[in-house]
Amino acid sequence: MPWEYPDKRGRFKTYGGIYIPEVLMPAVIELEKAYDAAKKDPTFQEELSRWLSEYAGRPTPLTYCPNLSEDLGLRLYLKREDLAHTGAHKINNTLGQALLAKRMGKTRIIAETGAGQHGVATATAAAALGLECEIYMGTEDMERQRINVYRMRLLGAKVTPVSSGSKTLKDAINEALRDWTATVESTFYVLGSVLGPHPYPMMVRDFQSVIGREAKEQILQREGRLPDSIVACVGGGSNAMGIFHAFLEDEGVDLVGVEAGGEGIDTGRHAARFQGGREGVLHGTYTYILQDGDGQILPTHSISAGLDYPAVGPEHALLREISRARYGYATDEEALSAFHLLSEREGIIPALESAHALAWLVAHSEEFEREDVVIVNLSGRGDKDVESVARREGALP
Amino acid sequence: MPVSRIKDAFRRLEERKERALIAYLTLGDPDPAASLELLTCLAEEVDLLELGIPFSDPIADGPTIQAAMERALSAGMTTEESFQIAKGLRAGGVEIPLIFMTYYNIVLQYGVERFVERCASTGVDGLLVSDLPVEESEALKEVCERHGVDLIFLIAPTTSEERMEEIVSRAGGFIYLVSLLGVTGERERLQERALEMVEKALRHTGSLPLVVGFGISKREHVEAIVRAGAQGVVVGSAFVRLVEEHGREACSELRRLARDLKEGTRGP
């Protein structure tokens with residue numbers, strides 16, 4: 001069955017939609033039109049492809065892992081988004097949106113960032129394409145990710161601290177939206193995940209879907225068949241949607257999204273929306289959200305800043321509802337073990353976000369047979385996390 | 001169905017050749033009990049009250065109202081308590097229209113039907129949801145009509161005239177014109193564009209009153225808006241700041257500001 005979501009109103013069945021102040025409505029409608037036109041324009045698509053290959057280093061490899069395959073009793077491949085320029089899949093989306101911003105005649109781009117990966121990827125695209133750039137970041141995250149703050153500034157971006165609310169990603173999005181409300185005529189908001197009002201969840205998914213298209217071609221070449229399972233971590237869920245999308249119609253391929261289990265679901269200190277959340281509206285979209293009885297958004301926790309967010313992309317909510325994908329979680333401890341495991345066994349240091357996907361596979365390896373082909377989306381590299389993990393383990397002061 | 005209290009209020013103002021002063025305060029700020037007292041006091045000086053139910057992530061609000069919402073939530077404010085305050089105002093003899101302003105998740109989690117029904121039964125006349133554009137408002141609109149609660153919509157400087165027509169055709173109570181590009185909050189000067197916006201909007205609002213808000217905090221702003229032909233103004237952050245500064249003792253300061261602004265609505 002062809003995958004035809006979202007509909008014209010930005011709905012993934014009941015999920016998604018457009019819940020934003022009237023000031024932003026015309027901008028979102030303009031964006032939808034501009035994106036629609038760009039999507040159909042071969043010149044735009046060629047330009048994007050050229051940037052993705054010459055600048056971002058695509059296609060990224062699909063790497064077979066001989067040692068972990070042996071350990072886990074399955075055939076494990078990694079889709080190496082960690083090898084894309086700036087060290088994560090985020091660049092696929094920021095190049096796409098920055099090119100679109102230019103096409104629309106906008107001179108300034110803004111973005112939110114949690115861990116800093118999306119901020120760095122946005123600042124990078126802005127530098128390369130000659131756009132003014134401002135990044136909103138929670139003060140709590142700025143403290144946790146000091147190197148990325150410096151990196152963004154090095155790339156010529158202005159980094160604006162956000163000290164309201166929980167001082168993390170959700171508050172950075174609030175502030176970026178407030179900026180956009182005031183500057184909508186000159187400014188393009190580069191949203192970093194499959195979240196927010198329509199057309200963002202669709203547009204970000206489309207820009208990230210290059211991951212799955214490549215992976216499909218690569219696995220067919222390597223194994224002569226489709227994979228049995230694909231596993232990806234889910235914060236907002238853009239790397240997961242990116243790798244899932246090309247396989248949605250291949251119903252034999254099992255799709256697994258892994259949320260951040262934090263200190264455990266029972267403790268309440270986690271970011272697993274499908275475990276402890278319910279439907280509601282946050283940041284422009286109707287989806288699963290961690291909230292209290294009144295609808296106040298709850299603080300979240302994860303060792304990985306990139307998964308530390310109270311809402312999940314609306315398309316994931318639909319995939320779960322119709323059982324096209326299933327969603328599990330990995331705790332902080334499990335993700336840390338996987339971080340070590342991949343480093344030691346394969347010589348690849350994963351981002352803590354991506355380590356959640358591997359951790360889920362380790363915990364569920366008994367479900368798989370020796371001949372089962374599993375792709376884990378290695379959405380980012382772990383360099384940004386080395387310092388904080390070392391400190392946590394007492395290896396650094 | 002009885003005549004809407006909002007419609008009636010604008011009609012009576014018209015007879016007196018006055019424009020409406022609508023004051024906004026965040027419900028539960030600085031705490032639920034004090035909030036009821038302050039609103040009771042302010043109600044004596046203004047024509048309508050707009051009551052903000054706090055939300056943890058108010059994307060349309062500037063720093064002053066954000067801080068008020070944080071104060072209210074830390075003081076234990078809830079959606080249920082918001083209805084209690086409305087009920088308390090009515091029990092205390094407040095007769096001016098009351099409008100709830102909030103974000104959609106608050107309405108959704110209380111239950112759309114239950115929320116609107118409670119508005120009607122506690123004496124809340126209108127509802128304005130900051131992050132609910134007309135495109136997504138159908139379900140809420142239907143419920144509001146059934147319970148006689150006016151669903152109020154915003155128009156912004158970015159709203160095209162075609163869109164204005166669409167919004168006006170669905171709106172109840174009055175049309176709320178956002179005077180600037182940006183979030184709520186006090187500004188030193190009124191944007192010139194605001195006055196042009198009023199003129200443009202008046203061509204589309206038909207029989208619905210047009211009120212102007214965001215960035216209006218001084219009597220001179222009020223006078224300029226009234227001169228441009230609007231039927232009312234909304235002042236929020238300037239009142240909220242007085243609560244921030246004076247807490248539960250803010251009554252006399254609120255009155256003083258309200259009286260000054262009210263003078264501005266009586267026209268030249």
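No hydrogens, no waters, no symmetry mates; every other heavy atom, side chains included, goes into these values. In what follows, chains carry the letters A, B, and so on, assigned in the order in which the sequence lines appear, proteins first and then strands, with residues in each chain numbered from 1.
You'll find the side chain of A:E175 reaches within 4.5 Å of the side chain of A:V162, heavy atoms only. In this structure the side chain of A:E315 never reaches within 4.5 angstrom of the side chain of A:V194, judged on heavy atoms.
No other option in A:I20, A:L177, A:V23 has as many heavy-atom pairs under 4.5 Å with chain B as A:I20. Among A:R9, A:E185, A:E22, A:R278, the residue making the largest number of heavy-atom pairs under 4.5 Å with chain B is A:E22. The candidate with the highest count of non-hydrogen atom pairs below 4.5 Å against chain A, out of B:L180, B:T159, B:V134, is B:T159. When each of A:K170, A:M25, A:R178 is scored by its heavy-atom pairs under 4.5 Å with chain B, the top score falls to A:R178. When B:P58, B:P157, B:G62 are compared by the number of non-hydrogen pairs under 4.5 Å with chain A, B:P58 comes out ahead. Of the listed residues B:A156, B:S56, B:P54, B:A60, the one with more heavy-atom pairs under 4.5 angstrom with chain A than any other is B:S56. Your options are A:D292, A:V281, A:L282, and the one with the most heavy-atom pairs under 4.5 Å with chain B is A:V281. Of the listed residues (B:I106, B:V178, B:L73, B:L181), the greatest number of heavy-atom pairs within a distance under 4.5 Å of chain A belongs to B:L181.
Ring centroid separation for the pair A:Y288 and A:Y327 does not come in under the 6.0 Å cut-off.
Annotation: residues 188-207 of chain B contacts chain A through B:R193 [non-hydrogen atoms, separation under 4.5 Å].
For A:L298, no part lies under 4.5 angstrom from a heavy atom of chain B. For a residue to count as touching a neighbouring chain, one of its non-hydrogen atoms must lie under 4.5 Å from one of that chain's; by this rule A:I173 does not touch chain B. If you measure heavy-atom distances from A:E279 to chain B, the contacts under 4.5 Å come from the backbone alone. Proximity to chain A (any heavy atom under 4.5 Å) is shown, for B:P63, by neither the backbone nor the side chain. Interface residue B:Y104: only side-chain heavy atoms are found under 4.5 Å from chain A. Within the 4.5 angstrom heavy-atom criterion, only side-chain atoms of A:V184, from C-beta onward, approach chain B. Contact annotation for B:I167: only side-chain heavy atoms (C-beta onward) come within less than 4.5 Å of a heavy atom of chain A. In this structure, the portion of B:S130 lying under 4.5 Å from any heavy atom of chain A is its backbone and not its side chain. Using a 4.5 Å cut-off between heavy atoms, B:L108 touches chain A through its side chain atoms alone. If you measure heavy-atom distances from B:Q66 to chain A, the contacts under 4.5 Å come from the side chain alone.
A side-chain donor-acceptor contact under 3.5 Å links A:E134 and A:T160. Using modelled atom types and a 3.5 Å distance limit, the side chains of A:Y200 and A:H283 yield no donor-acceptor pair. Between B:Y103 and B:D61, the side chains place a donor N or O and an acceptor N or O closer than 3.5 Å (distance only, hydrogens not considered). Between the side chains of B:E80 and B:Y110, at least one donor N or O sits under 3.5 Å from an acceptor N or O. No hydrogens or angles considered: a donor-acceptor pair under 3.5 Å links the side chains of B:Q109 and A:Q291. Judged purely by distance below 3.5 Å, without hydrogens or angles, the side chains of A:Y15 and A:E321 pair a donor atom with an acceptor atom.
Of all heavy-atom pairs between A:H316 and A:G236, the closest is CD2-O, 3.8 Å. Smallest separation of non-hydrogen atoms from B:A86 and B:V124: CB-CG2, 3.7 Å. Across A:V204 and A:L191, no two heavy atoms sit closer than the pair CG2-O, 3.9 Å.
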Problem - Steps toward side-chain hydrogen bond (donor to acceptor under 3.5 Å, both in side chains) verdict (A:S304, A:E353) - result: CA-CA 6 Å; A:S304 122; A:E353 289 79 8; 3.3 Å; yes

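The environment of A:K167 atom NZ is dense: over 12 non-hydrogen atoms of other residues, nucleotides or ligands sit within 6.0 angstrom.
The backbone N or O of A:G262 sits nowhere less than 3.5 Å from a side-chain atom of A:R269 that would complete a donor-acceptor pair.
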